[in-house]
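This report concerns only the one structure given below.
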Amino acid sequence: QVQFVESGGGLVEPGGSLRLSCAASGINTSRVAMAWYRRDPGKQRDLVASITTNLNTNYADSVKGRFTISRDNAKNTVYLEMNSLKPEDTAVYYCNVVTLIGSTWSPVFGSWGQGTQVTVSS
């Protein structure tokens, strides 16, 4: 059974930074692409960043230059470094294994973790 445990969220002022972690179990993450998603209340879950097994990364336009995705295969963990945070980054952040369908990364597992809340506010 694959499980994801996200952590590292919190309340931060605009311009601040946070580092999110996603610990995966039940799967060897070194063999799969991983991604971070986020969801505002009442909205769909949007892709934020992805990272392949070859460490190729991709970012949503809204976070380019501010967020950095990375992975530690030895720890089966994926990270999201978030800098210059804005109020519009406020959301619950989730991770998942992803696969490329056409030109779009899509989540593989329908069972998501509990997510970690990020709130950017003064």
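FYI, side chains are in, hydrogens and waters are out, and symmetry mates aren't considered; it's all heavy atoms of this structure.
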Inset, instruction - Kindly say whether G9 contributes a backbone atom to a donor-acceptor pair with the side chain of Q117 at under 3.5 angstrom? - result: no
Inset, instruction - Treat each ILVMFWY residue as a node, draw an edge where side-chain heavy atoms are under 4.5 Å apart, and state whether F67 and L55 are in one component. - result: yes
Legend entry - Taking every non-hydrogen atom, the tightest pair across P14 and S121: CD-C, 3.6 Å
Inset, instruction - Please report the shortest heavy-atom distance between G26 and V2, naming the atom on each side. - result: O-CG2, 3.7 Å
Legend entry - side chain to side chain contact (heavy atoms under 4.5 Å, CB included) evaluation trace for N58 with T52: CA-CA 9 Å; N58 224 322; T52 68; over 6 Å; no
Inset, instruction - Quick one: closest heavy-atom pair of T90 and V120, and the distance? - result: OG1-N, 2.9 Å
Inset, instruction - Grab the two heavy atoms, one from S70 and one from V78, that are nearest each other, plus how far apart they are. - result: O-CG1, 3.2 Å
Legend entry - T68 versus Y59, closest heavy-atom pair with distance: CA-OH, 3.3 Å
Inset, instruction - Please say whether more than 12 non-hydrogen atoms of neighbouring residues, nucleotides or ligands are located less than 6.0 Å from CD in Q1. - result: no
Inset, instruction - Say whether, by atom type as modelled, one donor and one acceptor occur between the side chain of R66 and the main chain of S62 under 3.5 angstrom. - result: yes
Legend entry - Linked hydrophobic residues, Y37 as query - side chain contacts closer than 4.5 Å: L47, V92, Y94, V98, L100, W105, W112
Inset, instruction - Please report the closest heavy-atom contact between R38 and A91, naming both atoms and the distance. - result: CB-CB, 3.8 Å
Inset, instruction - Please confirm whether the backbone N or O of P107 pairs with a side-chain atom of N96, one donor and one acceptor, at under 3.5 Å? - result: no
Going by atom type alone, with no hydrogens or angles, which donor-acceptor pairs under 3.5 Å involve a side-chain atom of residues 79-87 and a protein atom two or more places apart or on another chain?
unit_1 : atom_1 : unit_2 : atom_2 : d
N83    : OD1    : S17    : OG     : 2.8

Inset, instruction - Could you tell me whether a side-chain N or O of T77 sits under 3.5 Å from a main-chain N or O of A23, the two making a donor and an acceptor? - result: no
Inset, instruction - Measure the shortest side-chain to side-chain distance between D46 and R39 over non-hydrogen atoms and say whether it is less than 4.5 angstrom. - result: no
Legend entry - Whether D72 side chain and A74 backbone form a donor-acceptor pair below 3.5 Å: yes
Inset, instruction - Please check if L18 and V5 belong to a single hydrophobic cluster, counting links between Ile, Leu, Val, Met, Phe, Trp and Tyr side chain heavy atoms closer than 4.5 Å. - result: no
Legend entry - Inter-residue atom distance K75.NZ - C22.SG, 0.5 Å rounding: 14.0 Å
Legend entry - Side chain proximity check, I27 to V32, heavy atoms < 4.5 angstrom: yes
Legend entry - Heavy-atom side-chain proximity of W36 to E6 below 4.5 angstrom: yes
Legend entry - Residue pairs passing the side chain to side chain donor-acceptor pair (under 3.5 Å) test where at least one lies in residues 18-29, sequence neighbours excluded: N28-S30, T29-N76
Legend entry - Spacing of D40 atom CG and R45 atom CZ [to the nearest 0.5 Å]: 12.0 Å
Inset, instruction - Given side chain to side chain contact (heavy atoms under 4.5 Å, CB included), test F109 with Q3 step by step and report yes or no. - result: CA-CA 9 Å; F109 295 101; Q3 290 186 324; over 6 Å; no
